Peer 1: 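Provided herewith is a single structure, encoded as structure tokens, for subsequent inquiry.
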Amino acid sequence: MAGPLAQFEIKAIGGEAGVSLAEQSPYVFTNSALWMVITVAAITIFMVLGMRKREMVPGAWQSMAEASYEFISGMIRDNAGDEGRRFFPFIFSLFMFVLFGNLMGLLPYSFTFTSHIIVTAVMAVFVFVGVTLVGIAKHGLHFFSFFVPSGVPAFMIPIMVPIEIISYLSRPVSMSIRLFANMMAGHTMMKVFAGFIVPLGFFGVAPLIMDVALTGFEVLVAFLQAYVFTVLTCLYLNDALHLH
Amino acid sequence: MAKTRKGMMIAAAAAAMMPGVALAEGGLPQLNPVSYPTQVFWLVVTFAVLFLLMWKVALPRVSETLSNRQQKLSGDLQKAADLKEEAEKAQADLEEALASARAEAQAVLRKASEEIAAEQAKRLEAFDADMAVKAEEAEKRISAAREAALKSVKDVAGEVALAAVEKLSGDAADQAAVTKALDAASKANG
């Protein structure tokens, strides 16, 4: 029987037969890539087909598409102000990508690409670098005053500035580890409980019930982590746009 | 080899603790850098595609629909406000018309009652005058009748006196003397 971590393994799809992943081309299509493609397709179908009628009085599907639009639009307005509006398409894509990735990972036999640190790290670093560039483009060298907290006595500055820089640099680390660890822990736990169901025979009902409850909990975590990832992006963007 | 054995030991220990569950060998797949290039590559490709689809296709449709709805709503609200204003104006016009009609009716009523009162007074006056004339005439008639009656009483009294004198004395009485006596009597009686 597969262990609880086997679900995270990356397997090549359609690469050279009988060859380990290490020997495949670096661009080889994998189960992770497949679910990224499925996620993009699902989001596109959700948004484009949901809006195909463009009704004045929306139906259930169109309402959901509009609600996701207004949710992110409101999040940017509240956390990054009107100037953050320019980044709406990116932040919307980010939220939907993480959310759908998390949710589709809950389907049996699927793959959760957000449970891989490399994926969350690339997204977090992209946000980090992008936000920093936005800040420098907007404020020039004045952007670096961000690392000097206002109202701090002069003798404290040599201590405070390194702390601020470290806390700034740890943003992508915490952002990526939070998402990856949440997704991995939840899925591992579900697999561990699932592994008990059959061997325990009749008493397997207990882990089964636990897994049902965990599935509901994981849906919540999927939403919550996508929300946290996006809100943090908005907050960092706000810092870059408005400094302190 | 040592790594594999260690992994097997972990798996065995885990299997002892939780039957039926075996840990995957070789540690966390997430920490295996072999998979990083392909994951990064496909992440960049798929996310770029998603971003373009959202930016150029999906989001403009949503914002267009939302702004159309907003426009329709504010247009409808404006229309409703206009209609309300119109209705209020009509109401005010109606009230004004009612008030003026009421005032007109009151004026007509007042005029009519004044006319009636004037007519009544005129008629009353005419009636009074008529009555006064008639009363005067009646008084005249009464006094004439009384005079006539008094005169006839004198004549009758004269005749009675003559007849009584004739009967008592046996000869004709002096007409002139009787008349004289009667006048004196009537004067004494007032």
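Just so we're clear, the structure is a prediction, and the values are computed from it rather than from any experiment. Lettering follows sequence order; numbering is per chain, from 1.
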Peer 1: Name the region of A:F180, side chain, backbone, both or neither, that has any atom closer than 4.5 Å to a heavy atom of chain B.
Peer 2: side chain
Peer 1: Among A:A121, A:A65, A:P89, A:S73, single out the residue with the greatest number of heavy-atom pairs under 4.5 Å to chain B.
Peer 2: A:P89
Peer 1: Go through the atoms of A:T44 and report whether side chain, backbone, both or neither lie under 4.5 Å from a heavy atom of chain B.
Peer 2: both
Peer 1: Considering residues at least two apart in sequence or located in another chain, which fulfil the salt bridge (charged side-chain N to carboxylate O under 4.0 Å, His left out) criterion with A:E23?
Peer 2: none
Peer 1: Is B:L43 close to chain A through its backbone or its side chain, or both, or neither, when contacts mean heavy atoms under 4.5 Å?
Peer 2: both
Peer 1: CG of B:L53 to CD1 of A:I45: how many Å apart, nearest 0.5 Å?
Peer 2: 11.0 Å
Peer 1: Give a yes or no on whether A:F71 atom CZ has more than 12 heavy-atom contacts from other residues, nucleotides or ligands under 6.0 Å away.
Peer 2: yes
Peer 1: Which heavy atom of A:S115 sits nearest a heavy atom of B:Q30, and at what distance?
Peer 2: O-NE2, 2.7 Å
Peer 1: Can you confirm whether more than 12 heavy atoms, excluding those of A:R86, are under 6.0 Å from its CZ atom?
Peer 2: no
Peer 1: Taking side chain as everything from C-beta outward and backbone as N, CA, C, O, which of these in A:Q7 sits under 4.5 Å from a heavy atom of chain B? Side chain, backbone, both or neither.
Peer 2: neither
Peer 1: Can you see which heavy atom on B:S35 is nearest to which on A:L21, and at what distance?
Peer 2: CB-CD2, 3.7 Å
Peer 1: Taking all heavy atoms of B:L59 and all of A:F88, pick out the closest pair and write down the distance.
Peer 2: CD1-CE2, 3.8 Å
Peer 1: Can you tell me how far CE of A:M184 sits from CG of B:L28, rounded to the nearest 0.5 angstrom?
Peer 2: 4.5 Å
Peer 1: Answer with side chain, backbone, both or neither: which region of A:E55 has an atom nearer than 4.5 Å to a non-hydrogen atom of chain B?
Peer 2: backbone
Peer 1: What's the spacing between B:T65 OG1 and A:E66 CD if we round to 0.5 Å?
Peer 2: 6.5 Å
Peer 1: Atom CD1 in A:I43, atom CG in B:L50: separation rounded to 0.5 Å?
Peer 2: 4.5 Å
Peer 1: Do B:F47 and A:F90 come close enough that some side-chain heavy atom pair is under 4.5 Å?
Peer 2: yes
Peer 1: Do A:F97 and B:T46 have side chains that approach each other closer than 4.5 Å (heavy atoms only, starting at C-beta)?
Peer 2: yes
Peer 1: Tell me, side chain or backbone of A:M36 under 4.5 Å from chain B's heavy atoms, or both, or neither?
Peer 2: both
Peer 1: Of all heavy-atom pairs between B:A58 and A:V48, which one has the smallest distance, and what is that distance?
Peer 2: CB-CG2, 4.0 Å
Peer 1: Between atom CD of B:Q39 and atom NE2 of A:H116, what is the distance when rounded to the nearest 0.5 Å?
Peer 2: 5.0 Å
Peer 1: To the nearest 0.5 angstrom, please state how far the CG atom of B:L31 sits from the CZ atom of A:F8.
Peer 2: 11.5 Å
Peer 1: Among A:L94, A:V57, A:V37, single out the residue with the greatest number of heavy-atom pairs under 4.5 Å to chain B.
Peer 2: A:L94
Peer 1: Around atom CG of A:D82, are there more than 12 heavy atoms of other residues, nucleotides or ligands at under 6.0 Å?
Peer 2: no
Peer 1: Where does B:L66 contact chain A at under 4.5 Å (heavy atoms): side chain, backbone, both or neither?
Peer 2: side chain
